[in-house]
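Reckoned from all heavy atoms, side chains included, excluding hydrogens, waters and symmetry mates.
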Amino acid sequence: MLRRLLILLLFLCGCAGDATEISDIYGDGFRKKDPDAYFINAGGLKKRSVFLEKDTGGVVFRSPLSFLFREVPVKTDTKYRLSFSACQEGAESLEENPGMGGKIFAHRENVFPVCRLQFFNRGKKRVPSDAAFFAIPFGKMKEHVFLFRAPPGAESMRLSFSVPKGVRLSLSDVCLREETEGKTLNINPRFELGPYNYSGISAFNDKSGRLIADRNGRTHLFTGFYAVTNRFPLKSEGPYLLKVRGSGYYKKRVDSILTFYDAAWKKTGTSPVIRLTPQNQETLVFRFVRPPQAAYASVTIYHATISEISIVREEEEK
């Protein structure tokens with residue numbers, strides 16, 4: 001009987017842990033100063049990581065080890081805003097060498113600490129996500145803001161910070177909340193988050209693809225051979241408007257493809273988009289409706305430098 005009671009108590013404690021709210025983990029500025037309150041691998045962190053008071057009264061978590069935040073609940077297809085202040089010590093920083101910007105996106109021999117998003121379904125199995133991971137290339141404390149959507153089937157998520165050997169990461173003011181601003185279905189449509197922020201971009205075909213800043217400080221997407229956006233939900237039949245603004249470097253044209261997916265992110269078909277040329281003044285607007293069985297879509301752009309990729313419901317454009 002006693003054994004059954006103990007098992008029941010352990011089960012209830014486990015359920016309580018699963019119900020951890022976002023506000024319990026994010027947004028308190030590390031005021032608890034206890035690794036157990038925030039991280040899964042707290043045991044190792046207690047030996048080599050520290051919490052330091054900031055001049056502003058907040059707290060900085062400094063670690064030479066990788067660490068995992070505790071899981072918090074999320075809602076499928078909901079847009080979220082993750083923000084934190086961070087810097088790294090031990091790798092050549094972007095301030096020292098701007099050329100290191102080419103190592104920020106994806107697995108490009110990344111030498112920086114990296115934040116990844118991990119999503120889980122109700123059964124605690126990992127759920128695929130096409131949100132880019134976020135490198136921390138700066139040697140001085142800087143705010144980072146990233147936008148993403150929770151993928152299909154996701155009921156919880158956690159942040160994973162990977163810290164390379166010989167590097168130390170400082171982190172503070174970590175916040176996570178639902179994002180309500182912006183009417184576009186895709187994320188970061190005009191790349192206004194800056195030239196080192198790949199929110200909204202899922203993949204490049206080659207290492208030449210990247211974000212670049214022009215002389216006026218505006219950020220553009222250089223696709224290389226091609227770039228792919230994150231998938232975005234199509235909640236209604238539509239119609240939808242896809243706007244692409246930019247110029248091509250191959251025969252001065254820009255080719256684009258819409259790819260459609262079902263509710264489980266299985267590919268259901270594609271649709272070519274009107275070719276963008278200098279004759280249509282480097283801007284196109286393409287109208288489309290949701291095909292049968294489609295629940296999501298992404299956009300692939302070829303051979304171009306792009307200043308905008310935006311998708312909206314037609315009625316919201318008016």
| task | Drop me the distance from Tyr261's OH to Thr270's OG1, to the nearest 0.5 angstrom. | result | 10.0 Å

| request: State yes or no: do Leu171 and Val60 share one hydrophobic cluster built from I, L, V, M, F, W and Y residues joined by side-chain heavy-atom distances below 4.5 Å, directly or via other members? | output: no

| task | Identify the residue among Phe146, Phe204, Phe191 that makes a side chain to side chain contact (heavy atoms under 4.5 Å, CB included) with Tyr198. | result | Phe204

| task | Fit a plane to each ring of Tyr250 and His303, take the angle between them on a 0 to 90° scale, and name the class: parallel (under 30°), tilted (30 to 60°) or perpendicular (over 60°). | result | tilted

| field | Whether Asn230 side chain and Asp130 backbone form a donor-acceptor pair below 3.5 Å | value | yes

| request: Tell me whether Val167 is reachable from Leu45 by hopping between hydrophobic residues (I, L, V, M, F, W, Y) whose side-chain heavy atoms are closer than 4.5 Å. | output: yes

| Any ion pair linking Glu179 and Arg149 (charged N to carboxylate O, less than 4.0 Å)? | no

| note | Between Leu82 and Cys115 the two heavy atoms that sit nearest each other are CD2-SG, 4.1 Å

| query | Which heavy atom in Phe119 sits nearest to a heavy atom in Leu117, and how many Å separate them? | reply | CE1-CB, 3.7 Å

| Between Leu258 and Val228, is there a shared hydrophobic cluster once you connect ILVMFWY residues whose side-chain heavy atoms come closer than 4.5 Å? | no

| message | Could you go through Tyr249 and Phe222, starting from their C-alpha distance and side-chain angles, then the distance that decides it, and tell me whether this counts as ring-ring contact (aromatic ring centres under 6.0 Å, His included)? | response | CA-CA 10 Å; Tyr249 66 84; Phe222 178 73; 5.5 Å; yes

| task | Say whether, by atom type as modelled, one donor and one acceptor occur between the side chain of Gln88 and the main chain of Ile136 under 3.5 angstrom. | result | no

| Residues, nucleotides or ligands: over 12 heavy atoms within 6.0 Å of Gln293 CD | no

| request: Would you indicate whether the side-chain heavy atoms of Phe138 and Glu95 approach each other to under 4.5 Å? | output: yes

| field | Positive for side chain to side chain contact (heavy atoms under 4.5 Å, CB included) with Val254, one of Thr223, Ile306, Leu284 | value | Ile306

| task | Please assess Glu155 against Asn121 for the test side-chain contact (heavy atoms from CB on, under 4.5 Å), listing each intermediate value before the final yes or no. | result | CA-CA 5 Å; Glu155 294 205 2; Asn121 62 18; 5.6 Å; no

| request: Apply the test side-chain contact (heavy atoms from CB on, under 4.5 Å) to residues Tyr38 and Val174: give CA-CA distance (whole Å), side-chain angles for both, the deciding distance (0.1 Å), then the verdict. | output: CA-CA 11 Å; Tyr38 306 100; Val174 187; over 6 Å; no

| request: Run the numbers on Glu53 and Lys33 for side-chain contact (heavy atoms from CB on, under 4.5 Å), then give the verdict. | output: CA-CA 10 Å; Glu53 292 282 353; Lys33 296 184 180 180; 2.3 Å; yes

| Going by heavy atoms in the side chains, are Arg81 and Leu147 under 4.5 Å from each other? | yes

| Could you give the distance from NZ (Lys54) to OG (Ser170), rounded to the nearest 0.5 Å? | 10.5 Å

| said: Let me confirm one number: the OG-NZ distance from Ser85 to Lys140, rounded to the nearest 0.5 Å. | reply: 15.0 Å

| Between Gly101 and Leu94, what is the shortest heavy-atom contact and its length? | N-CD1, 3.2 Å

| task | Measure the CG-CZ distance between Leu185 and Arg313 for me, rounded to the nearest 0.5 Å. | result | 5.0 Å

| Hey, does Arg190 have a side-chain heavy atom less than 4.5 Å from the side chain of Arg245? | no

| Does a side-chain heavy-atom distance below 4.5 Å link Phe225 with Ser208? | no

| In terms of hydrophobic clustering (I, L, V, M, F, W, Y; side-chain heavy atoms under 4.5 Å; direct or indirect links), are Val244 and Ile274 co-clustered? | yes

| message | Return the CG to CD1 distance between Leu221 and Ile301, rounded to the nearest 0.5 Å. | response | 8.0 Å

| Under 3.5 Å, side chain of Asn186 to main-chain N/O of Ile309, donor-acceptor pair present? | yes

| query | If we only count heavy atoms from C-beta on, is the Phe134 to Leu159 side-chain gap below 4.5 Å? | reply | no

| query | Side chains of Phe148 and Met157: closer than 4.5 Å at any heavy-atom pair? | reply | yes

| query | How far does OH of Tyr240 sit from CD of Glu314, to the nearest 0.5 angstrom? | reply | 11.5 Å

| said: Check whether Asn41 reaches the backbone of Ser66 with its side chain - one donor and one acceptor, N or O, closer than 3.5 Å. | reply: yes

| Residues, nucleotides or ligands: over 12 heavy atoms within 6.0 Å of Lys32 NZ | yes

| query | Is the count of non-hydrogen atoms from other residues, nucleotides or ligands lying under 6.0 Å from Arg122 atom CZ greater than 12? | reply | no

| said: Is there a path of hydrophobic side-chain contacts, each under 4.5 Å between heavy atoms of I/L/V/M/F/W/Y residues, joining Leu65 to Phe84? | reply: yes

| Which pair of non-hydrogen atoms, one from Ser156 and one from Lys124, has the smallest distance, and what is that distance? | OG-NZ, 3.8 Å

| Asp36 backbone acceptor or donor facing Asp34 side chain under 3.5 Å | yes

| task | Over all heavy atoms of both residues, which pair between Pro151 and Val127 is shortest? Give the atoms and the distance, please. | result | CG-CG1, 3.9 Å

| query | Within a reach of under 6.0 Å around NZ of Lys75, are more than 12 heavy atoms found that belong to other residues, nucleotides or ligands? | reply | no

| task | Could you check Ser298 against Arg231 for side-chain hydrogen bond (donor to acceptor under 3.5 Å, both in side chains), going step by step and ending with a plain yes or no? | result | CA-CA 5 Å; Ser298 66; Arg231 281 167 273 205; 5.9 Å; no

| request: Assess the pair Phe232 and Tyr296: is the distance between their ring centroids shorter than 6.0 Å? | output: no

| request: Look at Asp24 together with Arg70 and state whether they make a salt bridge at an N to O cut-off of under 4.0 Å. | output: no

| query | Can we say Lys266 and Asp262 salt-bridge, meaning some charged N sits less than 4.0 Å from an Asp/Glu carboxylate O? | reply | no

| field | Any side-chain donor near an acceptor of the partner, Ser23 and Glu21, under 3.5 Å | value | no

| Any Ser307 side-chain heavy atom under 4.5 Å of Arg218 side chain | no

| query | Under 6.0 Å between the ring centres of Phe39 and Phe61? | reply | yes

| field | Asn197 side chain to Val145 backbone, donor-acceptor under 3.5 Å | value | yes

| Between Pro137 and Ala135, which heavy-atom pair has the shortest distance, and what is it? | CD-O, 3.3 Å

| side-chain contact (heavy atoms from CB on, under 4.5 Å) between Val111 and Met100, intermediate numbers included | CA-CA 9 Å; Val111 298; Met100 297 295 285; 3.6 Å; yes

| message | Within the 4.5 Å heavy-atom criterion, are Phe288 and Ile311 side-chain neighbours or not? | response | yes

| request: Would you check if the side chain of Asp206 reaches a backbone N or O of Gly224 as a donor-acceptor pair within less than 3.5 Å? | output: no

| request: Take the angle between the ring planes of Phe161 and Phe69 and call it parallel below 30°, perpendicular above 60°, tilted in between. | output: tilted

| said: Main chain of Val299, side chain of Thr229: is a donor-acceptor contact present, judged purely on distance under 3.5 Å? | reply: yes

| Does any N or O in the side chain of Ser49 come within less than 3.5 Å of the main-chain N or O of Ser63, such that one atom is a donor and the other an acceptor? | no

